[in-house]
Amino acid sequence: MSKIIEPLRGVHDVLPAQAPAWQFLERVTREVFSAYGYEECRVPIIEQTHLFKRSIGDFTDIVEKEMFSFLDQGGDSITLRPEATAGMVRAVISNGLLRESRLRLWCMGPMFRRERPQAGRFRQFHQIDAEAFGFEGPDIDAELIVLSARLLRRLGLSRLKLLINSLGTPASRLVYREQLGLYFGAHEAALDEDSKRRLKGNPLRILDSKNPEMQRIVAGAPLMIDSLDTESKEHFAALCAYLRDAGIEYDVEPHLVRGLDYYTRTVFEWTTDALGSQSAVCAGGRYDGLVAQLGGADTPGIGWAMGQERIIMLLDKLGIATMRERPHVYLVMAGTSGEGLGFKIAENLRENVPNLRVQLNLGGGSLKTQFKRADKSGAEFALVLGEDEISRGIVALKSLRREQAQEECVLAQLNERLGVLLGLSPTRSGS
RNA sequence: GUGGACGUAGCUCAGCUGGUAGAGCCCCGGAUUGUGAUUCCGGCCGUCGCGGGUUCGAGUCCCGUCGUCCACCCCA
């Protein structure tokens, strides 16, 4: 036996048992976005490495050590997207979409980060992504958050906590960063290894350290909210008002920071405690400078990303089951003539009875065997086409799930009869 | 990248202090030849993750490697 080829580390197959949950998530996502007037935009999975370095930030962990980058045959450096925003912004710029001046977009698909896998964290994972361009005011911030709340609710997920914060403008953040540097510098001796490292790189990150010791020091640190510029303060206050009016509960979390450099002002995160150490289920924020930074006309932007695997894990944990699709009828056929006729009947049913799911017994087998397969398929009815039925121009219908007598049906009335039995309506009678 | 636990049939697992592998489920077939689910009978499937080492002999001990899970880091 030759050696089996294993999947790459941290990537997963979605098997038929899991697919319904994914389809459910994706269907609800489409419905909710559509309800808010957001349009789908599909962007490539690979982009120039440069794009991510410039948008996410050279010194973020994602860019420094988690990107799947490679040289293609032409010597260009290509990267598998680690997140969606950069590509969406690029698409909006390179296709001239910003001439619309206001855009509400969404996309969905795989992202890649070369991290060490653990609970809720994979090397290939999937995100649902929302982005809005050209809106300056806090109303869009509120809309995006309300939209995410509705999506989560529609999925049946409760008990999620919404955290919000404002990072202010780049200028006000710089001021705050200095204050923070001074504060933590004064406590440097008490800082752990990671925090000392962050002190040099990005002191903001010390704020969300999980180390209880650090949390104690963090508790005394100056608050970002206090060093916000006036406009950012007003923006944030207005957002809070919108959320209250919409009945969305939230916590202002002054230590909430993001791992990507491009965020300004509003940042938020939906968290759960049901997923081990990966608490973020959906997170995002405003990125007013990013479009210009990537060469587009100066346009404000804001967006969020939702981790599909994490949502699926939550659905699973909360027992929100999604049923596997089963056939309505399974065709049991005897002999070559039965198989020939059955094939035609099945096509006729699919043609004329909308949404009917018909599974044909393929590969022969005794009637007994075929009935076993019919049962295992989960079908509601077995449709029997034996020598006797063929010669009489009928089919036998046997319920596999209910105690009821097997019935006979003339071929010409089969479409209608099945439509009635299954609550589907045929467009016209079959031939 | 760092640390810990683990890796035996498709799945869940058993295999005491080393003597060359087992159960249940699943799957396939059968129980007088046109009817499934229960029951009974039978069957398939493993170079015990991979590679080295110790030993007369290793699934069982040692080393390496790959992978899974968990935590840190980071993040959706």
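Reminder, nothing fancy here: chain letters follow the sequence lines and each chain counts from 1.
Pairing each heavy atom of A/Val43 with each of A/Ala91, the nearest pair is CG1-CB, 3.6 Å.
For B/C28 and B/G67, the C1' atoms lie 31 Å apart once the distance is rounded to whole Å. Straight-line distance between the P atoms of B/C16 and B/C74: roughly 43 Å, to the nearest whole Å. Taking the P atom of each, B/G59 and B/G1 are spaced 31 Å apart, rounded to whole Å. Comparing the same atom, P, in B/G34 and in B/U38 gives a spacing of 22 Å after rounding to whole Å. For B/G24 and B/A14, the P atoms lie 16 Å apart once the distance is rounded to whole Å.
Side-chain atoms of A/Arg121 come within donor-acceptor range of the base of B/C74, with a qualifying N/O pair under 3.5 Å. Side-chain to base pairing of A/Arg197 with B/C73: no donor and acceptor N or O lie closer than 3.5 Å to each other. Taking only distance into account, the side chain of A/Glu389 meets the base of B/G34 through a donor-acceptor pair shorter than 3.5 Å.
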Quick one: which protein N/O atoms are closer than 3.5 Å to N/O atoms of nucleotides 24-28 of chain B? Pair and distance per line, please.
| unit_1 | atom_1 | unit_2 | atom_2 | d |
| --- | --- | --- | --- | --- |
| B/C28 | OP1 | A/Lys376 | NZ | 3.3 |

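Residue A/Gly120 is in base contact, counting any heavy-atom pair closer than 4.0 Å across all strands shown. A/Val384 comes within 4.0 angstrom of a nucleotide base, judged by non-hydrogen atoms across all strands. Heavy atoms of A/Ala119 sit under 4.0 angstrom from primed sugar atoms or phosphate atoms, though from no base atom. Within 4.0 Å of A/Tyr330, counting heavy atoms only, lies no atom of the nucleic acid at all. Within the nucleic acid shown, A/Ala334 has no heavy atom closer than 4.0 Å to any nucleic acid atom. Nucleic acid contact class of A/Glu193 (heavy atoms, under 4.0 Å, all strands): none. Nucleic acid contact class of A/Glu269 (heavy atoms, under 4.0 Å, all strands): none. Counting any heavy atom pair closer than 4.0 Å across all strands shown, A/Gly10 reaches sugar-phosphate atoms only and no base atom. Contacts of A/Asp388 with the nucleic acid, taken as non-hydrogen atoms under 4.0 Å apart, include base atoms. Within the nucleic acid shown, A/Gln406 comes within 4.0 Å of at least one base atom, counting heavy atoms only.
Map A/Cys282 and A/Arg401 each onto its nearest nucleotide of RNA chain B; the residue landing nearer the 5' end is A/Arg401. Nearer to the 5' terminus of RNA chain B, by closest-nucleotide assignment, is the contact made by A/Ala396 (compared with the other of A/Phe122 and A/Ala396).
A/Tyr330 and A/Asn361 share a side-chain donor-acceptor pair at under 3.5 Å. No side-chain donor-acceptor contact under 3.5 Å links A/Gln293 and A/Ser55.
No more than 12 heavy atoms of other residues, nucleotides or ligands shown are found within 6.0 angstrom of CD on A/Gln48. Other residues, nucleotides and ligands place no more than 12 heavy atoms under 6.0 Å from the CZ atom of A/Arg159.
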Could you go through the ring pair (Phe, Tyr, Trp, His ring centres under 6.0 Å) check for A/Trp106 and A/Tyr38 one step at a time? CA-CA 6 Å; A/Trp106 68 274; A/Tyr38 284 64; 9.4 Å; no
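The pair A/Arg197-A/Asp194 meets the salt-bridge criterion, with a side-chain N (NZ, NE, NH1 or NH2) lying under 4.0 Å from an Asp/Glu carboxylate O.
OP1 or OP2 of B/G36 has at least one side-chain nitrogen or oxygen of A/Lys368 nearer than 4.0 Å.
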